[in-house]
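Let me begin by presenting the structure, written as structure tokens, before commenting on it.
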Protein chains: 2
Amino acid sequence: MADLSTQRPTLADVASAAGVSVSTASLAFSGAGPIAAATRTRVLEAASSLGYSGPNPLGRQLRRGRSGIVGVVVGDSLKRAFRDPVAVQMLDGLVGTLAPLDLGVLLIAGPSDPSEPPVDPLVESAAMDVAVLLWGGTSDDPVLTALRRRGVPAVLLEGTPQPDVTVVGIDDRGGMAQVTRHLVDLGHRRIATVTLPFDRDRAEGPADAARLRSLAWEITRRRLAGVRDTGVEPTVVWETPASLVEHGAAAGRALLSAPDRPTAVVCQSDLLASGVVLAAREIGLRVPEDVSVAGFDGLDLPWLAPDVLTTVEQPLARKGETVGHAVAQIIAGERPADTELPVVLRIGTTTGPAPA
Amino acid sequence: MADLSTQRPTLADVASAAGVSVSTASLAFSGAGPIAAATRTRVLEAASSLGYSGPNPLGRQLRRGRSGIVGVVVGDSLKRAFRDPVAVQMLDGLVGTLAPLDLGVLLIAGPSDPSEPPVDPLVESAAMDVAVLLWGGTSDDPVLTALRRRGVPAVLLEGTPQPDVTVVGIDDRGGMAQVTRHLVDLGHRRIATVTLPFDRDRAEGPADAARLRSLAWEITRRRLAGVRDTGVEPTVVWETPASLVEHGAAAGRALLSAPDRPTAVVCQSDLLASGVVLAAREIGLRVPEDVSVAGFDGLDLPWLAPDVLTTVEQPLARKGETVGHAVAQIIAGERPADTELPVVLRIGTTTGPAPA
DNA sequence: GTGAAAGCGCTAACAT
DNA sequence: ATGTTAGCGCTTTCAC
């Protein structure tokens with residue numbers, strides 16, 4: 001591309017070519033101070049004749065003490081995280097909000113399994129003004145610890161409220177309670193639940209009492225609490241390694257082929273719920289006549305047709321935007337308040353009266 | 001998070017606390033020169049007692065003249081780009097290759113439609129050592145032009161070979177020819193083709209001669225050329241706005257419900273092909289008895305069961321890794337050669353003999 | 001409206 | 001093995 005043998009011109013080169021001082025040349029580009037139109041033009045012309053394409057971001061960053069970079073730590077390996085529309089839609093909202101503010105997103109992979117080092121080296125040493133943890137995890141998250149040590153402010157999605165970080169979340173506990181109550185109202189009593197991962201270990205299967213006590217991830221814990229808020233004690237709490245259709249299907253196969261199967265399955269995500277619906281079809285159970293299935297997120301899942309999932313809709317893009325605004329506030333030196341966005345129950349075709 | 005009122009310590013603070021010079025303190029962290037173990041320990045202790053968490057990346061970057069950032073321009077809005085497993089898997093391979101080299105990925109959205117500005121501001125001004133264009137587009141791509149002006153070296157995926165950029169691609173022309181020949185061998189003569197977008201306009205529908213002449217995107221052009229290499233002239237060339245199932249379905253509905261429908265449809269991606277298969281089922285056509293459908297990419301699509309797509313498998317993760325290595329070479333000052341990775345025809349259940 | 005000077009925090013020659 | 005020195009390229013007071 002550019003001729004690497006010849007040094008790129010600097011602002012000083014441009015200034016001397018235009019016969020002005022560096023500080024004036026700087027003003028010509030930044031517009032951050034008074035400058036005569038003629039001078040400005042002269043500088044810009046000198047720049048273009050030298051092939052100078054604008055101030056070197058590295059110099060600017062050091063001088064300003066800001067990188068313009070927001071590190072986004074996704075909750076999993078990218079490959080897996082991006083299979084989840086929930087993560088992608090939030091990221092899209094976030095990037096869209098950040099772009100006009102001249103802030104870029106640095107992608108940082110979260111730990112996919114416990115065998116890997118818990119913290120990506122980028123977390124330790126990459127330049128970033130703020131970090132966003134797409135999946136808040138636990139309060140003693142090693143990533144959060146590393147950021148604290150570096151003095152990098154953090155915004156958590158769905159995390160535990162903490163004095164030194166900003167948390168953006170939704171009313172998932174209330175949402176889960178609503179959808180569960182909807183099932184109870186339909187007469188369901190034997191209700192199983194399929195959850196998001198408990199921790200980095202990402203086990204798959206029914207969780208026993210000990211496992212339930214060790215539940216580390218806040219989002220999973222809150223959604224489970226929402227179910228219990230209605231007085232319902234799930235017949236089975238089925239833990240999954242990731243919010244993906246295949247894990248929902250595995251859960252569905254196990255739960256629905258057991259001897260005293262539940263009449264309803266509440267899932268902590270729509271992808272998991274879709275998997276359960278597919279499993280039910282596979283087994284030959286009718287939804288919702290034989291079994292009701294509910295999800296969480298409010299994704300658009302046309303391929304589930306003719307079924308439309310009963311779910312709790314959360315404002316995904318808005319969540320990303322809210323995070324973006326929080327980031328902007330932090331960079332402006334403010335301390336944004338924690339936010340809880342509302343959710344709304346959306347009744348589809350996958351829930352109905354409990355079988356007699 | 002960190003106490004913003006008190007200035008963060010610098011290497012100079014640590015050095016003086018440890019009673020050594022800054023350069024020695026630097027060595028203690030970088031290990032880039034000889035240093036007595038005792039001195040090193042002393043520096044590290046001073047650092048930890050001051051709450052110094054390592055050299056400020058901004059200073060290091062300016063000094064080194066490198067940011068450690070690789071800008072990745074995705075070929076669309078993030079929301080849409082990440083619905084395509086092809087992009088995600090490549091990105092995953094790329095990030096995985098870059099991480100051990102201490103390089104981070106800066107996400108840059110491509111233009112989703114012509115109404116938006118063609119170049120994200122990050123392309124113009126963000127710090128990056130190399131840029132990767134996930135979808136190479138045209139040779140006069142405005143993004144590429146901006147990068148050239150800045151002197152940022154670029155790696156293109158599936159782009160037109162050019163003297164000043166590195167292109168990593170696959171033998172898609174040959175692959176397309178192979179799969180088309182497979183259909184010809186099965187007796188098909190009326191073959192339609194469903195393509196990737198032609199350009200930023202992202203039209204949807206049959207392309208006429210004028211439109212075909214204006215085809216801008218290299219990848220689409222090459223795959224179409226592969227079909228023609230077999231001597232087959234498609235009955236219809238159907239253009240789509242993006243490689244997504246819904247656009248394949250739309251194409252399928254139109255093509256398969258037309259009066260003299262084709263006996264085979266070759267698609268430029270697996271997602272498009274899946275859409276065509278779904279449309280065929282919808283219309284009541286049997287695959288492959290009534291119509292054969294072939295894709296391209298080699299994705300794992302379990303939800304298409306019981307069908308398994310006939311497709312051309314490309315090494316997606318390896319593609320990402322290859323790009324990563326090219327990036328590393330560029331940073332090392334080398335000029336990597338263009339690469340063309342092999343593809344392999346994988347025959348599934350969606351292609352069969354032409355109906356009598 | 002323009003220029004001079006200082007310095008952001010660091011690394012890498014070079015000298016000792 | 002350690003210290004001295006010189007910037008990397010820029011923005012921002014502060015004078016004029």
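In what follows, chains are A, B, ... by sequence order, proteins preceding strands, each numbered from 1.
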| message | Under 4.0 Å, counting only non-hydrogen atoms across every strand here, what does B:S30 touch: a base, just sugar-phosphate, or nothing? | response | nothing
| query | With sequence neighbours left out, which residue pairs that include part of residues 50-72 of chain A fulfil the salt bridge (charged side-chain N to carboxylate O under 4.0 Å, His left out) condition? | reply | A:R66-A:D129
| message | Quick one: does any side-chain atom of B:E218 pair with a main-chain N or O of B:A216 as donor and acceptor, under 3.5 Å? | response | no
| query | On DNA chain D, nearest-nucleotide positions of B:T24 versus A:T24: which is more 5'? | reply | B:T24
| query | Does any residue of residues 49-68 of chain B have a heavy atom under 4.0 Å from DNA chain D, and if so, which ones, in number order? | reply | B:L62, B:R63
| field | Separation of atom CG in A:L27 from atom C1' in D:dT12, rounded to whole Å | value | 9 Å
Could you list the protein-to-nucleotides 13-15 of chain D atom pairs, N/O on both sides, closer than 3.5 Å?
none

| query | Which residues in residues 9-18 of chain A have at least one heavy atom lying under 4.0 Å from any atom of DNA chain C? | reply | none
| message | For the backbone of A:K79 and the side chain of B:D92, can you confirm whether one donor and one acceptor N or O come within less than 3.5 Å of each other? | response | yes
| request: Return each pair, listed once, that meets salt bridge (charged side-chain N to carboxylate O under 4.0 Å, His left out) where at least one residue sits in residues 37-52 of chain B; pairs must be two or more places apart or across chains. | output: none
| remark: Students should find that the end-to-end axis angle of the helix from C:dG1-D:dC16 to C:dT16-D:dA1, with five pairs defining each axis and rounding to 10 degrees, is 30°
| said: Show, in sequence, the C-alpha distance, side-chain angles and deciding distance for A:V73 and A:L134, and conclude whether the side chain to side chain contact (heavy atoms under 4.5 Å, CB included) test is met. | reply: CA-CA 6 Å; A:V73 185; A:L134 269 203; over 6 Å; no
| query | Excluding sequence neighbours, so at least two apart, what forms salt bridge (charged side-chain N to carboxylate O under 4.0 Å, His left out) with B:K319? | reply | B:E158
| query | Should the pair B:F82 and A:F82 be assigned to parallel (<30°), tilted (30 to 60°) or perpendicular (>60°) ring geometry? | reply | parallel
| message | If we ignore hydrogens and angles and just use 3.5 Å, is the side chain of B:R335 paired with the main-chain N or O of B:V165 as donor and acceptor? | response | yes
| Donor-acceptor contact present, side-chain A:S26 to main-chain A:V22, <3.5 Å | no
| task | Any ring-ring contact (aromatic ring centres under 6.0 Å, His included) involving residues 29-77 of chain A? Give me the pairs, sequence neighbours left out, ordered by first then second residue. | result | A:F29-A:Y52
Pairs under 3.5 angstrom only: tabulate donor-acceptor contacts from the side chains of residues 116-123 of chain A to other protein residues two or more places apart or in another chain.
{"from": "A:E116", "atom 1": "OE2", "to": "A:S112", "atom 2": "OG", "distance (Å)": "2.6"}
{"from": "A:D120", "atom 1": "OD1", "to": "A:L122", "atom 2": "N", "distance (Å)": "2.8"}

| query | If you walk 5' to 3' along DNA chain C, what is the first nucleotide with an atom under 4.0 Å of a heavy atom in chain A, and what is the last? | reply | C:dG1 to C:dG9
| query | Short question: side chain of A:D84, backbone of A:A81 - any donor-acceptor pair under 3.5 Å? | reply | no
| What residues form a side chain to side chain contact (heavy atoms under 4.5 Å, CB included) with B:S21, not counting sequence neighbours? | B:S23, B:T24
| message | I'd like to know if the side chain of A:T41 reaches the main chain of A:A37, judged simply by a donor and an acceptor atom lying under 3.5 Å from each other, with no hydrogens or angles considered. | response | yes
Ignoring hydrogens and angles, write down the donor-acceptor pairs under 3.5 Å from the side chains of residues 321-332 of chain A, residues two or more places apart or on other chains.
{"from": "A:T322", "atom 1": "OG1", "to": "A:R318", "atom 2": "O", "distance (Å)": "2.6"}
{"from": "A:H325", "atom 1": "ND1", "to": "A:E321", "atom 2": "O", "distance (Å)": "3.2"}
{"from": "A:Q329", "atom 1": "NE2", "to": "A:E334", "atom 2": "OE1", "distance (Å)": "3.1"}

